[in-house]
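The next block holds one structure in the form of structure tokens; read it before the comments.
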2 protein chains.
Amino acid sequence: MASETPPTGTTKTTDPHAGRPYDRSGDALILAATLDLLAERSYERVTLDDVAARTGKAKTTIYRRWATKDDLVLAATRSIGQPPEVAELPDEGTLRSDLLAVVDSPWLGGPARRIVIFAGLLSAARSSPALSDAIRLEITEPYVDVYRRILERAIDRGEIPPQLASRVPILADVIPAMSSHRSSTSGGVIHRDFFVAVIDDVLLPALGAGAT
Amino acid sequence: MASETPPTGTTKTTDPHAGRPYDRSGDALILAATLDLLAERSYERVTLDDVAARTGKAKTTIYRRWATKDDLVLAATRSIGQPPEVAELPDEGTLRSDLLAVVDSPWLGGPARRIVIFAGLLSAARSSPALSDAIRLEITEPYVDVYRRILERAIDRGEIPPQLASRVPILADVIPAMSSHRSSTSGGVIHRDFFVAVIDDVLLPALGAGAT
DNA sequence: CTATTACGCTACTCCTCAGTAGCGTAATAG
DNA sequence: CTATTACGCTACTGAGGAGTAGCGTAATAG
């Protein structure tokens, strides 16, 4: 079922490869265009003809790589990978600057585009449980986890009193939740001011850090 | 365009009404079923055949009232009306109990169903700007406004220091944002504990009210 | 009673879209 | 060179779903 990578390049059934080779360079292009379209319209309104038109590839070529639309979207999801902050947690010295570092991360093209892509993935998640699981496990959970780890490290550093540790799990959700909600209700672009306000007016005060 | 109420009952073109009258009782049933379906699947996956099947009405009957699917969903949105708290702000004495009163409101069948209906409306909002505007103006904004007014009244009562007034607009969004996000990511039902945690671990501490 | 209008039903049209078939051509291996 | 396999293209199938036509029947007014 999961036919993401048809020929492995080695150990083919008959012949390693004779004939014209796969144009691997096109794959990234197709997956990126799929994500872009998903960010623009909802999952159900993205057609494979759209993807073909935008990439200049033939629809049949796309189907030669991914058997179904769901497979394509799944592969596009997987192509995102995890946020770089998972591998290397930002360490700017203070909790506030650490949070801003995650907000300002260029991952997925920066905050504005990142939010919109998340919204697109969210619409896709409603269409298939497999897709939903993949998005949750590979994208949203690791991302929220970055915030969680940053908050916990602030406790370790003594920046936050340890008795507030129980609030960390729910507070780690605040920035993603607020920005997703803002994006989906107010339709337009989200400015950096909004993220700053969430941090300064919600998150940090909830940790007793702001000037109450 | 807005053909919500075909015959006004008075001042018809030809005749006030001769013949079999409209079955008005069916309208509420149809709109309610539309909302239910919208809560179950996304907008694009709700078909008028579904609505017809669930209500026992004929699809043609539905089309005699609402010209298009969008008109039907728009009417269903309008049928929700505003939360009762808009007309009468809960006054339980403390900010915390006021917030819980809104959370526990039976509006739209209580918190669990309310959140799910909101999610359905959100998916509909992506399909038409007119629908999006109606949902925002008539549902989400009045609802958030209830939280805003409750917070402001807490300032008036001296429960919150007035210099935190600038935080109120963004804090009014916290409960709707967190619950929508939780609902759309974790798929399942939302328990009351979650709302309580948002209030006790996020909202109230951000106002300097919790035991920091 | 007749006239009128709504209802339910079946069957249809039209369109979009996922996925496929087949062909001519481009790129590689040997 | 030939053999092989991928590509782009056009054209197609088939399903699903919005919206419509027409008919027989139910409910009202007069």
Side-chain angles (χ1 to χ4, degrees), chain A residues 1 3 5-10 12-27 29-30 33-34 37-38 41-76 124 127-128 131, chain B residues 1 3 5-10 12-27 29-30 33-34 37-38 41-76 124 127-128 131:
Chain A
M1 52 175 82
S3 58
T5 36
T8 53
T10 58
K12 266 300 293 298
T13 330
T14 48
D15 203 331
H17 54 160
R20 180 174 177 168
Y22 277 89
D23 181 5
R24 286 293 171 192
S25 68
D27 290 18
L29 181 67
I30 293 169
T34 303
L37 285 166
L38 227 36
R41 350 191 207 293
S42 65
Y43 171 86
E44 354 249 343
R45 307 185 54 145
V46 174
T47 75
L48 279 176
D49 289 292
D50 292 338
V51 179
R54 181 162 298 194
T55 55
K57 302 292 178 183
K59 186 166 63 160
T60 45
T61 298
I62 301 175
Y63 274 108
R64 278 186 195 105
R65 296 231 186 341
W66 302 281
T68 67
K69 180 179 174 180
D70 273 17
D71 276 354
L72 172 63
V73 173
L74 186 61
S127 89
S128 134
L131 219 41
Chain B
M1 51 178 81
S3 59
T5 37
T8 53
T10 59
K12 266 300 293 299
T13 330
T14 50
D15 202 331
H17 54 160
R20 179 173 178 170
Y22 276 88
D23 181 5
R24 287 293 172 191
S25 68
D27 290 19
L29 181 65
I30 293 169
T34 303
L37 285 165
L38 228 35
R41 350 191 205 292
S42 66
Y43 171 85
E44 353 249 343
R45 306 186 56 144
V46 174
T47 75
L48 281 188
D49 290 292
D50 291 338
V51 179
R54 181 162 300 194
T55 57
K57 303 292 177 184
K59 185 167 61 161
T60 46
T61 299
I62 301 175
Y63 274 108
R64 280 186 193 104
R65 298 233 186 337
W66 302 282
T68 67
K69 180 179 175 181
D70 273 17
D71 277 353
L72 172 65
V73 173
L74 185 60
S127 90
S128 133
L131 217 44

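Convention: sequence-line order gives letters A, B, ...; per-chain numbering from 1.
A:Ala58 pairs by the side-chain contact (heavy atoms from CB on, under 4.5 Å) definition with A:Thr60, A:Thr61, not counting sequence neighbours. Remark: B:Tyr43 pairs with B:Asp70 by the side-chain hydrogen bond (donor to acceptor under 3.5 Å, both in side chains) rule, at least two apart or across chains. Residues passing the side-chain hydrogen bond (donor to acceptor under 3.5 Å, both in side chains) test with A:Arg54 are A:Glu40, sequence neighbours excluded. Residues satisfying the side-chain hydrogen bond (donor to acceptor under 3.5 Å, both in side chains) criterion with B:Thr47, sequence neighbours excluded, are B:Asp50.
For A:Pro21, the side-chain atoms get nearest to C:dT28 when compared with the rest of D:dC7, C:dT28, D:dT4.
Nucleotide C:dA18 holds its P atom 13 Å from the CZ atom of B:Arg45, rounded to whole Å. Taking atom CD1 of residue B:Ile30 and atom P of nucleotide C:dA6, one finds them 14 Å apart after rounding to whole Å. Remark: C1' of D:dA18 and CG of B:Asp71 are 13 Å apart, rounded to the nearest angstrom. Rounded to an integer number of Å, the gap from CG of A:Asp50 to P of C:dA18 is 8 Å. Taking atom NZ of B:Lys69 as the reference point, atom P of C:dT16 lies 15 Å away to the nearest angstrom. Following rounding to the nearest Å, A:Leu72 (CG) and C:dA18 (C1') show an atom-to-atom distance of 12 Å. Going from atom NZ of A:Lys57 over to atom P of C:dG19 covers 21 Å, rounded to whole Å.
Both B:Thr47 and B:Arg20 lie near DNA chain D, and the one whose nearest nucleotide falls closer to the 5' end is B:Thr47. Residue-to-nucleotide proximity on DNA chain D shows that, of A:Ala58 and A:Gly19, the 5′-proximal contact is made by A:Gly19.
Not a single donor-acceptor contact under 3.5 angstrom links the side-chain atoms of A:Lys59 to the base of D:dG8.
One distance of note links NZ of A:Lys69 with OG1 of A:Thr34; it measures 10.0 Å at 0.5 Å rounding. The distance from the NZ atom of B:Lys57 to the CG atom of B:Asp23 is 4.5 Å, given to the nearest 0.5 Å. Separation of atoms OG1 (A:Thr68) and CG (A:Asp71) is listed at 3.5 Å; rounding is to 0.5 Å. Between the CH2 atom of B:Trp66 and the CG atom of B:Leu48 there is a distance of 10.0 Å, given to the nearest 0.5 Å.
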Under 3.5 Å, which N/O atoms of the protein pair with N/O atoms of nucleotides 21-23 of chain D?
none

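Consecutive pairing runs in DNA chain C reach the stem threshold at C:1-30 with D:1-30, where a stem means at least three Watson-Crick or G-U wobble pairs with distances under 3.5 Å.
Residue contacts shown for B:Val46 are limited to sugar-phosphate atoms, with no base heavy atom under 4.0 Å away.
Nearest heavy atom pair, residue B:Arg41 against residue B:Val46, reads O-CG2, 4.2 Å.
Regarding contacts with the backbone of C:dG19, every side-chain N or O of A:Arg65 stays at 4.0 angstrom or more from both OP1 and OP2.
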